[in-house]
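Below: the structure, in structure tokens.
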Amino acid sequence: MPDEHPSKCPKLQFEEIDRDPGSRKQICEFPINKQDEIRRAYIEKGPYQPVDIDYPYNDDTHHHRFQPSWFKSHKDWLEYSPSTDAIYCLPCYLFSKKPIGRPGSDVKDGMNCPLIRHVGKEPNSLHKIAVKCCEDLKNYSRHIDKLIEKQTSKELENNRLRLKTSVECARWLAFQACAFRGHDESLDSKNRGNFIELIKFTSTFNDKVTSVVLENAPRNAKYTSPTIQKEILHILASNVRNAIRGEIGDAKFCILVDEARDESKREQLAIILRFVDKEGFIKERFFHIVLVRDTTALTLKNEICAILSYYNLHIENIRGQGYDGASNMCGEWNGLQALFLKDCPYAYYVHCMAHRLQLALVTTSREVKDVHQFFDHLVNIINIVVGSSKRNDELQHGQAEQVENMIASNEIETGRVINTISEKGANYKQRSDAEEAYQVLTSFEFILILHLMKEIMRITNFLCQALQQHSQDLLNAMHLVSTTKSLIQELRDDGWESLLASVISFCEQHEIDISDINARYTKGRGRYRRQDDDLTMEHHFRIGIFTVEIDFQLQELKSRFSELTTELVILRKSNIYFLIDRLIRLVLTLSVSTATTKQAFSAMKLLKKRLRNRMKDEFLADNMIVYIEKKIAGNFTIEMIKDEFYSMKNRRQA
């Protein structure tokens, strides 16, 4: 009778088992901790039933002796001992309550104790109880330790299902930049927070999940506490950072750094890593955001070095620095770029080109007086129109009526709204301001500058968008700058006639008075009014505004985007890196703009809002990297996250 689960039962040496029932020891004579092992061994061997021997007669009078056919009738329990010429019961031997005179059972011979009488007719006879004990011992699945193991396995399965649900919900909330907790998470609350409400919503699609989460879960294994939420998110964030570290490997990299205040007025430092991966693609990865006490160059350097050192990124491998034009960043002697250059002389600093372009546009608008006044008037007009909801509604209503004209001419019905305000304003000041704004808005000079700036912005917008691309490299960026300067120069040389024609057409369409370009230009007002016979309106518009504005724009672009910068980069590095592959990778590693840091701060504003201004710095950093690098975070399987979750600390296993 082999055991049902022999692999679960310890094996005994054969010499410990005496097959002859007449000579073996009683079960009670074995050590208490080995009795079940002995019983299993005897059950596995089965009853001792020798058949190829001569069975002696009982006595000379009756000539009775053991019959082998009895083995077939009672094969499950009957045994014969050649040494004592007696029959025994194996189950009764194994589970006898008390020792008896002869080993085995009370069956001494077939005459004095019939076999049928030994079995008994009652269901609770001693023999049947012993047989039942043998069956229970063979049925390993009914043992108490097996039952506990089954119960534990069920608990572990439920724990893993609960944890899986929590991981999925936490990851979804992080991907959508949603808050985790609620103001009131009690059972009576109508809104228990996004995390718990999402678990509740998810459980409605799966009865198995419903049976193990929230109120159906043990109080010590719900996996919904704020601490659990933070641990799950931290595991995701750590895996994302480790994946980015793996992408970098031993390659050279560039650091992009910028700082900004969060909703709690705390200065946060964003760190972006730019590198070329093994396949040759440019990558810009958000890596971390840390709180800084102040924005001095030394403090920023220490924080950056601490992060890089923690993830085993060596400063010696830095080949580029990308910052804005602040003095603490780009200072030649004590700026952040200078401090890194002392530790790594090959960490070339590149001023953010998108920031350069912005400075060029802003500076130009301030240098030309007429253009500067244009933007002042434009701000005033916008404030008047959107200063109240009623005016804004009127503007939207006008837009809806003229939607076809807007598509064709790309204009809006702002003048009609301002004209209405000037006639029906609530008070004299509103009417006066609106009247003045309307006069400016409907002037020929305002329309001319509007079209001029629109054309310049159209040309520079392509450059602005291109500079903010993550895959942009320095050489291609300089080529785009050169192309932009050529287009602006072309506008200066050949664009006046077409610009003037479009302005005149616009004025005719909107019934705006067109200035006589051949008339004399009058400069100033009142007593300071002057008139020059040689200066016409066309000369003022073309030379005084059109040409001067474009010349200032070209001058700013040339001064802020010097081609010498690129030449210095290539010449300086080519002397060191003679291999062309390394040279190409180096040029690609150098940053073009710090737009990625601005995008990181946009994500920070989505995550840390006014209602979430008490968010801890570590939780903010974990949220940001999972949200920004969600493509990487989505590659991790639930099993990976669960295994790491249980390895973090001693907790109930799953």
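As the structure is a prediction and not an experimental result, all values here were calculated from the model. Starting from 1, each residue takes its place in the sequence as its number.
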(request) Scan side-chain atoms only and decide if Thr296 and Asp294 contain a donor-acceptor pair under the 3.5 Å cut-off. (result) yes

(request) Verify the distance criterion only: is there a donor paired with an acceptor across the side chains of Thr596 and Glu284 at less than 3.5 Å? (result) yes

(request) Mind listing the closest non-hydrogen atom pair of Gly335 and Ala297 along with its distance? (result) C-CB, 3.8 Å

(message) To check you understand the geometry: which heavy-atom pair defines the closest contact between Lys342 and Trp333, and what is its length?
(response) NZ-O, 4.1 Å

Residues, nucleotides or ligands: over 12 heavy atoms within 6.0 Å of [X] [atom1]:
| X | atom1 | answer |
| --- | --- | --- |
| Asn334 | CG | no |
| Glu639 | CD | yes |
| Phe462 | CZ | no |

(request) Please step through side-chain contact (heavy atoms from CB on, under 4.5 Å) for the pair Lys252 and Tyr346, ending with a clear verdict. (result) CA-CA 10 Å; Lys252 313 304 180 182; Tyr346 307 117; over 6 Å; no

Side chain [X], main chain [Y], donor-acceptor under 3.5 Å:
| X | Y | result |
| --- | --- | --- |
| Ser264 | Asn613 | yes |
| Arg245 | Asn312 | yes |
| Arg266 | Glu263 | no |

Any side-chain heavy-atom pair from [X] and [Y] closer than 4.5 angstrom?
| X | Y | answer |
| --- | --- | --- |
| Phe340 | Ile255 | yes |
| Asp250 | Asn317 | no |
| Leu313 | Ile318 | no |

(message) Quick test of your reading: applying side-chain hydrogen bond (donor to acceptor under 3.5 Å, both in side chains), list the pairs with at least one residue in residues 161-182, sequence neighbours left out, ordered by first then second residue.
(response) Asn159-Arg162

Charged N to carboxylate O under 4.0 angstrom, [X] versus [Y]?
| X | Y | answer |
| --- | --- | --- |
| Glu215 | Arg192 | yes |
| Lys283 | Glu247 | no |
| Glu629 | Arg285 | yes |
| Asp643 | Arg160 | yes |

(request) Please test Asp622 against Lys616 for salt bridge (Lys or Arg N to Asp or Glu O under 4.0 Å), starting from the C-alpha separation and ending with a verdict. (result) CA-CA 10 Å; Asp622 293 343; Lys616 299 297 184 182; over 6 Å; no

(message) Using side-chain contact (heavy atoms from CB on, under 4.5 Å), reason through Asn461 and Gln465 one step at a time and then give a plain yes or no.
(response) CA-CA 6 Å; Asn461 180 62; Gln465 297 297 325; 3.5 Å; yes

(request) Check ring pair (Phe, Tyr, Trp, His ring centres under 6.0 Å) between Phe275 and all other residues, then give those that pass, not counting sequence neighbours. (result) none

(request) Any chance you could lay out the side-chain contact (heavy atoms from CB on, under 4.5 Å) test for Lys301 and Asp343, step after step, and finish with the verdict? (result) CA-CA 11 Å; Lys301 178 179 181 294; Asp343 295 337; 2.8 Å; yes

(message) Once you measure the plane-to-plane angle for His288 and Tyr311, does it fall in the parallel (<30°), tilted (30-60°) or perpendicular (>60°) bin?
(response) tilted

(request) State the CD1-CD1 distance between Ile232 and Ile641, to the nearest 0.5 angstrom. (result) 8.5 Å

(request) To the nearest 0.5 angstrom, please state how far the OG1 atom of Thr202 sits from the CD atom of Glu197. (result) 11.0 Å

